[in-house]
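First the structure, in the form of C-alpha cells, and then the observations on it.
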Protein chains: 2
Amino acid sequence: MFAVVSSNRMAKQTAKKADISTEEKIKEAARKVFTQKGYAATRTRDIAEEAGINLALLNYYFRSKEKLFEIVILEKMQILLGKLGPALMDERTSLEQKVEQIAEHYIDTLIANPDIPLFVLGEIRNHPDKFADMIRTKTKIVDSAMFKQIAERRPDIDPLHFIFNMLGLIIFPFIGKPLLQLVAGITADHAVTLMNERKQLIKKWFSAMIHA
Amino acid sequence: MFAVVSSNRMAKQTAKKADISTEEKIKEAARKVFTQKGYAATRTRDIAEEAGINLALLNYYFRSKEKLFEIVILEKMQILLGKLGPALMDERTSLEQKVEQIAEHYIDTLIANPDIPLFVLGEIRNHPDKFADMIRTKTKIVDSAMFKQIAERRPDIDPLHFIFNMLGLIIFPFIGKPLLQLVAGITADHAVTLMNERKQLIKKWFSAMIHA
DNA sequence: GTCTATATTGTGATAGAC
DNA sequence: GTCTATCACAATATAGAC
C-alpha cells in the first residue's frame, strides 16, 4: 500500500541545467495543489495544468492520483514530524534547549511551508487508519527524554500539557493564519515578522509557564 | 449567494414528540458528515445514508449539496467565532477575566464539538474568498478592548502574539488530537480530562507569559 | 413527502497516434 | 515521452410514480 514508486521512469534528457524533468514538474505541481486544497478537492487535471503538461502524463509517470498523493504526503509528514521525535528523545539537551531548538527549527520550516500543518492534519482526519502505524513508530512522546524532564520539574501536572503548549505556540499561528489574517487584518509580510519573533519568545514563554 | 434556505418546507407531521422532521434529520446528518470529512470528501449519498433517507429527499429539501453545506458551515462558524468577538470587545472585564472566560467557554464548546476547528479552518482554506466578508465583520481583534489591555501591560511586544497564544493553547489540542492520540497514546477519555484541566491552567499560563 | 429510475455532469484513467 | 480523444464510472441532481 505504501510502496515508494518515485523514480519508476528515468527522464531521458541530459538535464540541460535549469530545466527539470517532467516527472519532477508533476511532483512539484502535486505538492502545491495537494497541500493547498487537500486530496479530495484536488483534481488530477488541476495538477496537470499547474505542471504545464497533459493529464495523461500524470498517469504515465505515477499510475494514479492516489500513488502520487502518497508520495507527496509522506514527504510532508516527514517535514512535519521528522525532527520532532529525535529532538524529544535527545538525552543530552536540557528542557530549555529542546524548546528553543524545536521552536527555531519548526518556525523556519513552517515559514517556508506554511500549508503543511493543516494539510497533514486534515488528511490524517480523512484517512484515519492509513497513517496510524507509520506515525506510531515515528514518535513516542511518553517515553521521551523531554517528557521525563518535564515530569521532574512539575510532578503536579501531566507533562502532556506542556507538549501541547509548545506545539500549539509553534504551530497554531500557521494553522489559524487564513482566519487570523481576516480577523486581525495583518499582511503576509507582517505575519512572517511575527512568526520570526516567536522563535525567541516561545522559549521565554515556555519557561514562564513551567514555573507558574 | 448566502441566502438562508433553512425552512423552505414545513414538515407536515405534528412532531410526535421524540421523532424529528425529515428536514432536521438530513441537517443533523449533514452536520456530522461534513464536519468529519470536509465538503469535498463528502458525498451526498453519505449524508442520505447517515440520515436514513433517500438521496432525492436531500435535494427536495435543500436543492443542492452546496446549499446544505452553507447552512452547516455557517452554524459551525457561529459556534467557533460567535462568542469570541463580544468577549474580546467587553470593556468591563479585566484581561485575566477575559482569558478565563474565553478558555472555559471554548473548551466546553470544543469538547462537545471537537471536529469544528479543523473543519472550519480547512473550509476557509478551500474557499478563501467565500467567507471573507462575513468573518471580517464579525471580529475585529485590533480594535478590541483585549488588544488594548494587552498593549498596556506589554508595550514591548505585539499584542497579537498573546491573542495567538491564548487561541493556540485553547484550540490546538483539538486540532492536533488525531495526531497526538497516535503519538502520545492517550485514550479519548483521558483527552477530555486533559482538556478540562486546561480550563484552569490556561488562565495561569497566560498570566505567566504576559509577565515574563 | 418519499421513493425508484434516470438524466447529466464531473473526474480518474486508458488507448492509440505521433 | 507526449499528446488528443475517449472510456468508464462516480456523484450530483431531476423526473415522475405513488
Side-chain angles (χ1 to χ4, degrees), chain A residues 1 3 5-16 19-30 33-34 36-73 123 126-127 130, chain B residues 1 3 5-16 19-30 32-34 36-73 123 126-127:
Chain A
M1 161 137 268
V5 195
S6 185
S7 301
N8 54 349
R9 286 289 182 284
M10 210 45 190
K12 187 143 296 176
Q13 63 183 128
T14 335
K16 229 178 112 202
D19 69 342
I20 51 183
S21 70
T22 299
E23 182 175 353
E24 188 53 38
K25 271 196 295 188
I26 297 171
K27 225 193 281 186
E28 186 56 31
V33 181
F34 275 137
Q36 274 178 8
K37 316 211 298 181
Y39 178 80
T42 295
R43 294 168 305 159
T44 51
R45 284 169 170 78
D46 300 334
I47 298 174
E49 190 183 357
E50 175 72 31
I53 52 94
N54 188 276
L55 172 59
L57 277 177
L58 189 151
N59 293 284
Y60 173 74
Y61 280 104
F62 298 96
R63 247 195 65 81
S64 76
K65 177 187 179 184
E66 194 179 349
K67 291 260 197 311
L68 179 53
F69 171 73
E70 284 172 359
I71 292 170
V72 170
I73 196 163
E123 299 303 333
N126 282 15
H127 316 280
K130 189 165 190 167
Chain B
M1 163 134 267
V5 195
S6 184
S7 299
N8 54 350
R9 288 288 183 286
M10 209 47 188
K12 187 143 293 175
Q13 65 184 126
T14 337
K16 231 177 105 201
D19 68 343
I20 52 184
S21 71
T22 299
E23 182 174 353
E24 188 51 40
K25 272 194 294 188
I26 296 171
K27 226 192 283 185
E28 187 56 30
K32 178 171 177 184
V33 181
F34 275 137
Q36 275 179 6
K37 317 212 296 180
Y39 177 79
T42 295
R43 294 169 306 159
T44 51
R45 283 171 168 78
D46 300 335
I47 298 173
E49 190 184 354
E50 176 71 32
I53 53 93
N54 189 276
L55 172 58
L57 277 177
L58 189 151
N59 293 284
Y60 173 75
Y61 280 104
F62 297 97
R63 247 195 67 79
S64 75
K65 177 187 178 182
E66 192 178 351
K67 292 259 197 308
L68 179 54
F69 171 72
E70 284 172 359
I71 293 170
V72 170
I73 194 162
E123 299 303 332
N126 283 14
H127 317 280

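Here the structure is a predicted model, which means the values were calculated and not measured. Sequence lines set the chain letters: A, B, ... in the order given, protein chains first and strands last, and positions in each chain run from 1.
- With a 4.5 Å cut-off on side-chain heavy atoms, T42(B) and F69(B) do not count as touching.
- Rounded to an integer number of Å, the gap from F69(A) CZ to dG12(C) P is 13 Å.
- Map R43(A) and G52(B) each onto its nearest nucleotide of DNA chain C; the residue landing nearer the 5' end is G52(B).
- In this structure, CD of E49(B) is placed 12 Å from P of dA11(D), rounded to the nearest angstrom.
- Once rounded to the nearest 0.5 Å, the distance linking CD of E66(A) with CD1 of I71(A) reads 11.5 Å.
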Report summary line: Reading nucleotides 13-18 of chain D from 5' to 3' and marking B where a protein heavy atom lies under 4.0 Å of the base, S where only the sugar-phosphate is that close, and - otherwise, the string is BBB---
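- Atom NZ of K25(B) and atom C1' of dC3(C) are 13 Å apart (whole Å).
- Judged as a salt bridge (Lys or Arg N to Asp or Glu O under 4.0 Å), the pairs with a partner in residues 48-60 of chain B (not counting sequence neighbours) are, in order, K32(B)-E50(B).
- To the nearest 0.5 Å, the span separating OG1 on T44(A) from CG on L55(A) amounts to 4.5 Å.
- K130(A) and E70(A) are joined by a salt bridge, as a carboxylate oxygen and a charged side-chain nitrogen come within less than 4.0 angstrom of each other.
- With rounding to whole Å, L57(A) atom CG is found 13 Å from dA13(C) atom C1'.
- If you take CD1 of I53(A) and P of dG1(D), they are 13 Å apart, rounded to a whole angstrom.
- Across the protein-nucleic acid pair, L68(A) atom CG and dT11(C) atom P stand 17 Å apart, rounded to whole Å.
- Ring geometry for H127(A) versus Y39(A): interplanar angle over 60°, hence perpendicular rather than tilted (30 to 60°).
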